[in-house]
Amino acid sequence: MSTTDTAARRPGDYLPGEIEPKWQRYWEENRTFRTPSVSDKPKYYILDMFPYPSGAGLHVGHPEGYTATDILARYKRMKGYNVLHPMGWDAFGLPAEQYAIETGRHPAEITQRNIATFKRQIMSLGFSYDWDREVSTTNPEYYRWTQWIFLQLYKLGLAYQAEMMVNWCPALGTVLANEEVIDGKSERGGHPVIRKPMRQWVLRITAYAERLLNDLEELDWPESIKEMQRHWIGRSEGAEVTFAIAEQPDLEMEVFTTRPDTLFGATYCVIAPEHELVEKIVAPEYKATVQAYQEEAAKKSDLERTELAKEKSGVFTGAYAINPVNNAKVPIWVADYVLIGYGTGAIMAVPAHDQRDWEFARMHDLPIIPVVSGGDITEAAYTGDGVMINSGLLNGLAVEPAKEKIIAWLEEQGKGQRKVSYRLRDWLFSRQRYWGEPIPILHLEDGTVRPLNDDELPLLLPDVREIKPSGTGESPLVNVTDWLYITDPVTGKQARRETNTMPQWAGSCWYYLRFIDPRNTKAPVDFDLQKYWLPVDLYVGGAEHAVLHLLYARFWHKVLYDIGVVSTKEPFRRLVNQGMILGENGEKMSKSRGNVINPDDIVASHGADTLRLYEMFMGPLEAVKPWDTKGVEGVHRFLRRVWRLYVTEDGRLNPAIAPWEGSPAPLERIYHKTVKKVTQDIEELRFNTAISQMMIFLNEAQKETKLPKRYMEGFVLLLSPFAPHIAEELWQRLGHAETLAYEPWPTWDEAFTVDDTVEIVIQVNGKVRDKAMVPADIDAAGLQEIALKSEKIQTEIAGKEIKKIIAVPGKLCNIVVGK
RNA sequence: GCCGAAGUGGCGGAAUGGCAGACGCAGUCGACUCAAAAUCGACCGGGGUGACCCCCCGUGAGGGUUCAACUCCCUCCUUCGGCACCA
């Protein structure tokens, strides 16, 4: 055993293992970060995406975003803001349920244990959360209000039941989420998965599509995220056109098209295999073929339909539709390239001007009639602009005017109307799971449903000893018969409870509201309090939530806005995505790659301050960047050097720190520059460069023998949001009895941030030829004079014609000469 | 295929019209030490010249705008993220 690695401790050693728990205890005991709900101070609401407390515990990606928000929160407090900076748990979800099924333990117990681990880990990093506001989505006092919001949606007609296709795995006896299905097989076990219609709860998010799209404008979010949401919503303008069915006067077919101008070029129609019209129109002699095709299509997943269908399959129904513009009889086909969920589930096919229709027509020998001039339709569909041809009343028009004219004509004739379609689908809101919020609905014996009354909430999850799959595709709750079947106390009727539970998205849709008023028993959030605190000023989290979580939360927020619960249109004013941290080999961290870094290990070996500082020093917050253990040591060295600047080997305050009169000039300038840069960089979340600047200050201070106390105190305050434990400890050793958390943020004097003399560059034809020290305030003319006097420049330009001289005060002088 | 972001030393990155490589890591040399660790100091893009000075090249590739381009514009390549028959 080596004796060298247990070097003798000296009283002046930097020991994060001792000072970090000490200050964490101090903050907890003194409730240092408790946030008053009301205050005269301006508010600042800074939010992390709350985590799913997985069994694996925290990984180094979590503290990245949490540190960034913590720095800003601590900074804003020192700037005099009343800062709301809470943390909680998105604790419903699949992994706990699966683990429960495997181990026979209760998900609540597993969840509780995981939360305890997460909380211990998060607390060990010294984040300044107000733990009095902690919430968990699995707490009945919380999900009571999740259920309440669901009921509001139901009352507004925004929650409805429908038969929806789900991923049903017969072998596992359960329904799987899309992400649990890989290549048509179950993620666990590799069993086949089929699509099967089941009764589901669905939220009518499409009713809010337009507002969700338009209100993106006012948000300070990354453009890429806004673009992804716009694309997800997928607004497109066009027309809905009514086609009559030949020989079946009581039937009609609605199609959606973005190109009503090409109506005269429609040579056939296609309906989705799942379309209800198929059964009604199919001719007897085609029935067998069509049914076979429908069955084939039902077996395919959405992925197979798109990826494998390089060749567009389809079958003829034997029926014909009547084109309303020219009464042409066109065949109706069934093909799975038309999706039931978009538009009307039926299209008019214009093979001359739509590439998919073109491919289909080629394959099945259907006619292709050009109606827009330009392009070569023997090669490909032509989708560009041109002049309308073969189009009756539209002939001679360009595409856009033709669209307007035909829509007006269709509306006049009652054969169609202008229509906006969205790619966005209604939100499949039910899961056939135990570990989620129960949907507070009763199915009565007479076939009606009764939403629970507010005073019947929360509808608690029944406590069960063992969670077993139902085998029917319903949730494990069907096994809990004494919970399931009741006599409804309100109507007196026999009733069966809803067995579907809510998806994990539900609880995370509104948690930012609950943090404002976490113990309210009368409402999800107090109206006056939300008025003070909303919107969230800064929301930081991973880009994986770019679309779903952020879209769902915005949707709920708008509904709550409409019913007067909240008073802002949008929940999150500013959004920032932190980039992923990769393993040391540059690959994504994962257990199987063996490159996972555990924050606990870094805290144990180097301390929380080092971990925090390193994660911020790695690079820009938004960037993806690899972990480097050597880099950890680098910032740890910086903290040790900071420590030694303040604390002598025998543990006393460095005697060089004193209220010196007339401080050393270089340090004075560096100090003011440092305050300025650190302040501005924090405001712009550029933590890596803020840290660099503090390193520059330290390098400078180490050279000095006289360290003015006011600068040394200011530096500790600058460092404190980044490395709060060491900062508190040094602050105390500088003679302060109280925490520095509410000390005023240091200020700088602009006069000290500009130098008296600066080095300027003298260029000839844009190339640096000489440098000179000049007074900082010298004007362009003076600069030019100095430049021309330079010996090197004189030799350089000798005998050449000076064409132009550009002098930029404080920067450079460029002399442009001829050859 | 479409949309978005990004390409800078050996590595992470800085500079967003004005000295490319701040700060850190790694590396080399030196000081301290019996020795090592720790610490401190110096050097640290490539090439020519070769202590120094000096010159040339250099921010994915090519072109353009400008007195001046890592930075702005165009074309292309590569990587990453997202979407993907949406009529």
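Lettering follows sequence order; numbering is per chain, from 1. Reckoned from all heavy atoms, side chains included, excluding hydrogens, waters and symmetry mates.
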Does a salt bridge link [X] with [Y], judged by any charged N lying under 4.0 Å from a carboxylate O?
X: A:Glu404; Y: A:Arg418; result: yes
X: A:Lys419; Y: A:Glu254; result: no
X: A:Lys403; Y: A:Glu400; result: yes
X: A:Glu584; Y: A:Lys630; result: no
X: A:Lys803; Y: A:Glu801; result: no

Sticking with atom [atom1], work out how far [N] lies from [M], rounded to a whole angstrom.
N: B:A37; M: B:C29; atom1: P; result: 13 Å
N: B:G18; M: B:U28; atom1: P; result: 37 Å
N: B:A38; M: B:U33; atom1: C1'; result: 11 Å
N: B:A42; M: B:A36; atom1: C1'; result: 22 Å
N: B:G13; M: B:G21; atom1: C1'; result: 9 Å
N: B:C25; M: B:G58; atom1: C1'; result: 23 Å
N: B:G45; M: B:C19; atom1: C1'; result: 16 Å
N: B:C57; M: B:U66; atom1: C1'; result: 22 Å

With a non-hydrogen cut-off below 4.0 angstrom, is [X] in contact with a base, only sugar-phosphate, or nothing?
X: A:Ile696; answer: sugar-phosphate
X: A:Val761; answer: base
X: A:Gly634; answer: sugar-phosphate
X: A:Arg425; answer: base
X: A:Ser692; answer: base
X: A:Pro620; answer: sugar-phosphate
X: A:Glu759; answer: base
X: A:Ser421; answer: nothing
X: A:Lys767; answer: sugar-phosphate
X: A:Asn699; answer: sugar-phosphate

Applying the Watson-Crick and G-U wobble criteria at under 3.5 Å, what pairs with [N]? Answer none if nothing qualifies.
N: B:A35; answer: none
N: B:C23; answer: B:G12
N: B:C72; answer: B:G64
N: B:G41; answer: B:C29
N: B:A5; answer: B:U79
N: B:G17; answer: none
N: B:A87; answer: none
N: B:U49; answer: none

Looking at the base of [N], is there any donor atom on it, or on the side chain of [X], that sits under 3.5 Å from an acceptor on the other one?
X: A:Gln355; N: B:C85; answer: no
X: A:Lys630; N: B:C11; answer: no
X: A:Lys804; N: B:C67; answer: no

Protein-nucleotide distance ([X], atom [atom1]; [N], atom [atom2]), rounded to Å:
X: A:Met695; N: B:A14; atom1: CE; atom2: C1'; value: 13 Å
X: A:Gln702; N: B:C23; atom1: CD; atom2: C1'; value: 14 Å
X: A:Asn585; N: B:G12; atom1: CG; atom2: C1'; value: 15 Å
X: A:His636; N: B:A26; atom1: NE2; atom2: P; value: 13 Å
X: A:Lys803; N: B:A68; atom1: NZ; atom2: P; value: 11 Å
X: A:Asp770; N: B:C53; atom1: CG; atom2: P; value: 14 Å
X: A:Phe697; N: B:C23; atom1: CZ; atom2: P; value: 16 Å
X: A:Arg641; N: B:U39; atom1: CZ; atom2: C1'; value: 10 Å

In terms of side-chain heavy atoms of [X], which of [options] is nearest?
X: A:Asn688; options: B:C85, B:A14, B:C23; value: B:A14
X: A:Phe256; options: B:C25, B:G18, B:A87; value: B:A87
X: A:Tyr337; options: B:G18, B:C56, B:C85; value: B:C85
X: A:Arg769; options: B:C55, B:G82, B:C85; value: B:C55
X: A:Arg644; options: B:C40, B:C19, B:C3; value: B:C40

Do we see a donor-acceptor contact under 3.5 Å between the side chains of A:Thr383 and A:Gln355?
no

Parallel, tilted or perpendicular: which describes the rings of A:Phe360 and A:Trp333, with under 30° parallel and over 60° perpendicular?
perpendicular

Classify the ring geometry between A:His549 and A:Trp505 as parallel (under 30°), tilted (30 to 60°) or perpendicular (over 60°).
parallel

Contacts of A:Asn814 and A:Ala346 projected onto RNA chain B by closest heavy atom; the upstream (5') one is A:Asn814

Which residue, A:Thr689 or A:Ile806, contacts RNA chain B at a nucleotide closer to its 5' end, judged by nearest heavy atom?
A:Thr689

Show the nearest heavy-atom pair for residues A:Cys813 and A:Ile805, with the distance to one decimal.
SG-CG2, 3.7 Å

[X] vs [N]: side-chain N/O to OP1/OP2 distance below 4.0 Å:
X: A:Arg637; N: B:A26; result: yes
X: A:Ser236; N: B:A87; result: yes
X: A:Arg423; N: B:A84; result: yes

B:G62, syn or anti by chi within 90 degrees of zero
anti

Using a 4.5 Å cut-off on heavy atoms from C-beta on, say whether the side chain of A:Glu64 contacts that of A:Met618.
no

